[in-house]
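Structure first, commentary second.
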Amino acid sequence: MANNYQLNINKLEVKTIENGLTDVVFLVHFSYVATTADEEYTDQIISVASVAEPDPNMFVEFENLTEAQVESWVSAAVDLEKYREYLDDRINEKIAPPSEIKDVPW
């Protein structure tokens with residue numbers, strides 16, 4: 001069963017001034033969520049991605065940033081395929097737990 005994945009941008013950390021530029025994003029706080037197709041099981045990773053220093057000629061002002069642009073930064077900074085594999089494993093453990101706690105038999 002294939003899972004569905006959602007990248008959520010939660011917060012952006014900025015340097016107030018860097019190389020004459022203002023509000024320069026250097027960290028993206030995000031969560032990556034996996035949900036089974038039937039939406040019965042879900043799990044997530046909460047993490048932070050470092051953003052490369054901007055090219056002053058291509059710098060986008062903070063108020064003009066788009067969600068798609070920031071998502072592309074995260075995709076470039078972290079291996080989302082590894083995150084998917086990890087989340088798939090966690091969901092599979094929820095579906096078919098490899099162990100359980102039982103009461104004593106007496």
Side-chain angles (χ1 to χ4, degrees):
M1 167 178 6
N3 293 322
N4 299 311
Y5 306 94
Q6 176 68 43
L7 176 61
N8 300 311
I9 307 301
N10 302 325
K11 299 280 184 182
L12 302 175
E13 278 191 59
V14 300
K15 294 181 182 175
T16 51
I17 297 176
E18 181 179 13
N19 298 327
L21 304 171
T22 58
D23 291 335
V24 177
V25 177
F26 71 100
L27 289 176
V28 178
H29 296 253
F30 69 94
S31 55
Y32 198 55
V33 182
T35 306
T36 54
D38 62 6
E39 298 183 353
E40 187 172 344
Y41 298 94
T42 189
D43 208 336
Q44 73 173 337
I45 295 172
I46 298 172
S47 191
V48 178
S50 296
V51 177
E53 207 171 297
D55 176 348
N57 298 320
M58 303 200 44
F59 182 72
V60 177
E61 298 290 332
F62 184 84
E63 59 273 1
N64 295 326
L65 290 174
T66 65
E67 184 175 8
Q69 183 174 19
V70 176
E71 287 175 349
S72 73
W73 295 344
V74 173
S75 295
V78 299
D79 186 346
L80 292 178
E81 179 60 33
K82 287 197 185 290
Y83 280 37
R84 285 189 286 275
E85 290 171 7
Y86 173 78
L87 289 169
D88 289 347
D89 289 346
R90 299 255 319 213
I91 286 176
N92 287 335
E93 285 181 3
K94 288 180 179 182
I95 294 169
S99 65
E100 62 183 41
I101 296 175
K102 291 188 171 190
D103 291 330
V104 294
W106 56 91

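- Looking at heavy atoms from C-beta onward, Asn8 lies in side-chain contact with Gln6 at the 4.5 angstrom threshold.
- The two residues Asn4 and Ala37 have their closest heavy-atom pair at ND2-CA, 3.9 Å.
- Using a 4.5 Å heavy-atom threshold, the side chains of Thr42 and Ile91 count as separate.
- The 12-atom threshold is not exceeded at OH of Tyr86, counting heavy atoms of other residues, nucleotides or ligands nearer than 6.0 Å.
- No continuous path of hydrophobic side-chain contacts links Ile46 to Val74 [ILVMFWY only; heavy atoms under 4.5 Å].
- Between Thr66 and Val70 there is no side-chain heavy-atom pair separated by less than 4.5 Å.
- Residues Ala77 and Ser50 share a closest heavy-atom pair of CB-O, 3.4 Å.
- For the pair Trp73 and Leu65, the minimum side-chain heavy-atom distance is below 4.5 Å.
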Only distances under 3.5 Å count here; give the side-chain donor-acceptor pairs of residues 15-33 to other protein atoms, sequence neighbours excluded, each with its distance to 0.1 Å.
residue, atom, partner, partner atom, Å
Asn19, ND2, Glu53, OE2, 3.3
His29, NE2, Glu13, OE2, 2.6
Tyr32, OH, Arg84, NH1, 2.8

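- No more than 12 heavy atoms of other residues, nucleotides or ligands lie within 6.0 Å of CD in Glu67, so this atom counts as exposed by the packing criterion.
- The closest donor-acceptor contact from the side chain of Thr36 to the backbone of Tyr41 lies under 3.5 Å.
- Distance check: Ile45 CD1 to Leu7 CG gives 11.0 Å after rounding to the nearest 0.5 Å.
- Side-chain contact check for Gln69 versus Val60: some heavy-atom pair is nearer than 4.5 Å.
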